[in-house]
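Atom set for the values below is all heavy atoms of this structure, side chains included, hydrogens, waters and symmetry mates excluded. Every chain is numbered from 1, with letters handed out A, B, ... down the list of sequences.
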Protein chains: 2
Amino acid sequence: MRALKSIREFIEEGGKLFHPGISLDCVIFGFHDNQLKVLLLKMEHTDDWALPGGFVYKEEDLEAAATRVLQERTGINNIFLQQFHVFGNPSRSDREYQSNWLRKWNIPAGKGSWLLNRFVTVGFYALVEFSHVTPTPDNISVASEWHHLHNIDNLFMDHRKILDTALETLRWQLNHQPIGYNLLPDKFTMPELLTLYETILGKKLDRRNFRRRMNSYGILRKLKEKRKGCAHKAPYLYSFDLRKYQKALQEGLQGRW
Amino acid sequence: MRALKSIREFIEEGGKLFHPGISLDCVIFGFHDNQLKVLLLKMEHTDDWALPGGFVYKEEDLEAAATRVLQERTGINNIFLQQFHVFGNPSRSDREYQSNWLRKWNIPAGKGSWLLNRFVTVGFYALVEFSHVTPTPDNISVASEWHHLHNIDNLFMDHRKILDTALETLRWQLNHQPIGYNLLPDKFTMPELLTLYETILGKKLDRRNFRRRMNSYGILRKLKEKRKGCAHKAPYLYSFDLRKYQKALQEGLQGRW
DNA sequence: TCAAAAGTGTTTGTGGTACACCCATGG
DNA sequence: CCATGGGTGTACCACAAACACTTTTGA
């Protein structure tokens, strides 16, 4: 498996190197400033933004391809990553855009024609710790930035739908698996965890009942330190008990919010 | 979109007609004789059985392709059908088998070569009413039969894994969405519904608590008739309240077993 | 010293679990 | 008339929801 250096090489050689007809798109969630963020790539010559995506090499595992894309766009290796849906509508591809794009690069008709085909795309969603990410655009985009979840416009093709489906899946997961390890720093406070949940769910929760529920899962370790510097009473710091966290991930939590 | 009549045509023209690199496989669940069944196709010249599968036409929607395959293999139109996972391991394809198979049909190297490629397959699972199904083999298999879920051997390639994953998903769904409308006849008894649940979950449930729980969902209509002919006390018949059933399908049930 | 946020505790009601009991039917 | 399975009801306990109170901090 070789790296593709230039755009031109990507376009001209892609047809030989990639598994045909399939792409993948990643919805990368991060949490910062008490807000849920999504990593998006700015496309050239338009106001459109796109989800980080990519193709699968001919002998590459699908999940490995997603991991690779995530690594390239964020710099992070061990990422929580999960496929959630396949988008296989034939009209999802924007072939006019694609052919314009090829024209712009003066690619001979034959070479880049693989890009003109319809693609079935597999949607993945990832949870990452905001501060560990180095947003990096790919070779066909001009910028990579975090966007506030509720402030996203002009998404490319059907990426709006992919994003919405990912969010739905994330909310679903909240009821059945522990969430937080991948989104929060190593040490965090109970109110911060609460805010994370409230942000994902889009509604207020009772902080006291939330605390009890969280504790009952047995995946938290209360530390002796407190968060300093903030106004008002200093909250205790917590960390996840990774052994129990992993176990809960596999077995599921059961419960509802 | 045209029908492919013969195997030869399928092999020789498939490369032009189908979306490349993608296939789909269906796990079709039925319920009969108080047992959970899966529809399998017998392959030629081996003891192997395979999940009903197929390919996606170039301009065909993915879900539509799955619906089409289901229709062809069962004769049923309105089927509960849901994608549950993409299997994208490059080593999942059995290329030796495939090339032997091509040799057997004396297909010139070029024509059938699309079949020698790796395929990423999308797994769908379906719930069907057993008695409505007419098992029909496809043009590359010799028989189509229902198999008892716990009595399945010799599955082709990674179809064992696909089946297991489907069952896992079905059990998962049981906790969050109503099940039964697609698996049971229009009129059924509470003990029958109970047995269905027990079969899927693989464990015994308390019939009295089960009844209460089911009633609390509000998706059942108790009829005035009773099932006759069986020994012992005659049980009441029920049917699903479709409006409320559909609503519960969308909104989810919440709860655990 | 006061507002705002964090930590701890209490009450109440719903619903899950584990049962006991009666009813109907065929042998 | 009795074994077997179907239908109805109840006691108990856990847990979730709603809410009150105390503690700590910075301005």
### Message
In whole Å, I'd like the distance from the CE atom of Met190(A) to the P atom of dG7(C).
### Response
8 Å

### Message
Can you tell me how the ring of His150(A) sits relative to the ring of His148(A), calling it parallel under 30°, perpendicular over 60° and tilted otherwise?
### Response
tilted

### Query
Counting only distance, no hydrogens or angles, is the base of dG6(D) paired donor-acceptor with the side chain of Arg208(B) under 3.5 Å?
no

### Message
Quick check on the 6.0 Å ring-centre criterion: do Trp172(B) and His176(A) meet it?
### Response
yes

#### Entry: Separation of atom CG in Leu253(B) from atom P in dG15(C), rounded to whole Å
14 Å

### Contact under 4.0 Å: Arg211(B) side-chain N or O vs dG7(D) OP1/OP2
yes

### Message
Could you tell me how far apart Arg213(A) (CZ) and dA18(D) (P) are, to the nearest whole angstrom?
### Response
12 Å

### Summary
To the nearest angstrom, the OH-C1' distance between Tyr238(B) and dG6(D) comes to 10 Å

### Message
Centre-to-centre under 6.0 Å for Phe84(A) and Phe124(A), is that the case here?
### Response
no

### Query
Hey, does the side chain of Lys228(B) come within less than 4.0 Å of dG6(D)'s phosphate (OP1/OP2), counting only N and O?
no

### Query
Does the separation of the ring centres of Phe240(A) and Phe188(A) fall below 6.0 angstrom?
yes

### Message
Rounding to an integer number of Å, can you tell me how far Lys222(A) NZ sits from dG7(C) C1'?
### Response
7 Å

### Message
Ignoring hydrogens and geometry beyond distance, is the side chain of Arg212(A) in donor-acceptor contact with the base of dT10(C) at under 3.5 Å?
### Response
yes

## Note on the structure
Between CZ of Phe210(A) and P of dG7(C) the distance, given in whole Å, is 12 Å

### Query
Is there side-chain contact between Leu205(B) and Leu194(B), with at least one heavy-atom pair below 4.5 Å?
yes

Where do N or O atoms of nucleotides 23-27 of chain C meet protein N or O atoms at under 3.5 Å, pair by pair?
| from | atom 1 | to | atom 2 | distance (Å) |
| --- | --- | --- | --- | --- |
| dT25(C) | O4' | His232(B) | O | 3.2 |

### Query
To 10°, what angle do the rotation axes through the five end pairs on each side of the helix from dT1(C)-dA27(D) to dG27(C)-dC1(D) form?
0°

### Message
What is the distance, to the nearest angstrom, from the CZ atom on Arg227(B) to the C1' atom on dG7(D)?
### Response
16 Å

### Query
Are any of the side-chain heavy atoms of Asp164(B) and Lys161(B) separated by less than 4.5 Å?
no

### Message
If you assign Arg207(A) and Pro191(B) each to the DNA chain D nucleotide with the nearest heavy atom, which residue ends up on the more 5' nucleotide?
### Response
Pro191(B)

### Query
Do Phe130(A) and Phe31(A) have their ring centres less than 6.0 Å from each other?
no

### Query
Under 4.0 Å between a Lys/Arg side-chain N and an Asp/Glu carboxylate O for Lys42(B) and Glu145(B)?
no

### Query
Less than 4.0 Å between a side-chain N and a carboxylate O, is that true for Lys203(A) and Glu198(A)?
no

### Rounded distance (Å) that lies between atom C1' of dA5(C) and atom CG of Asp206(A)
14 Å

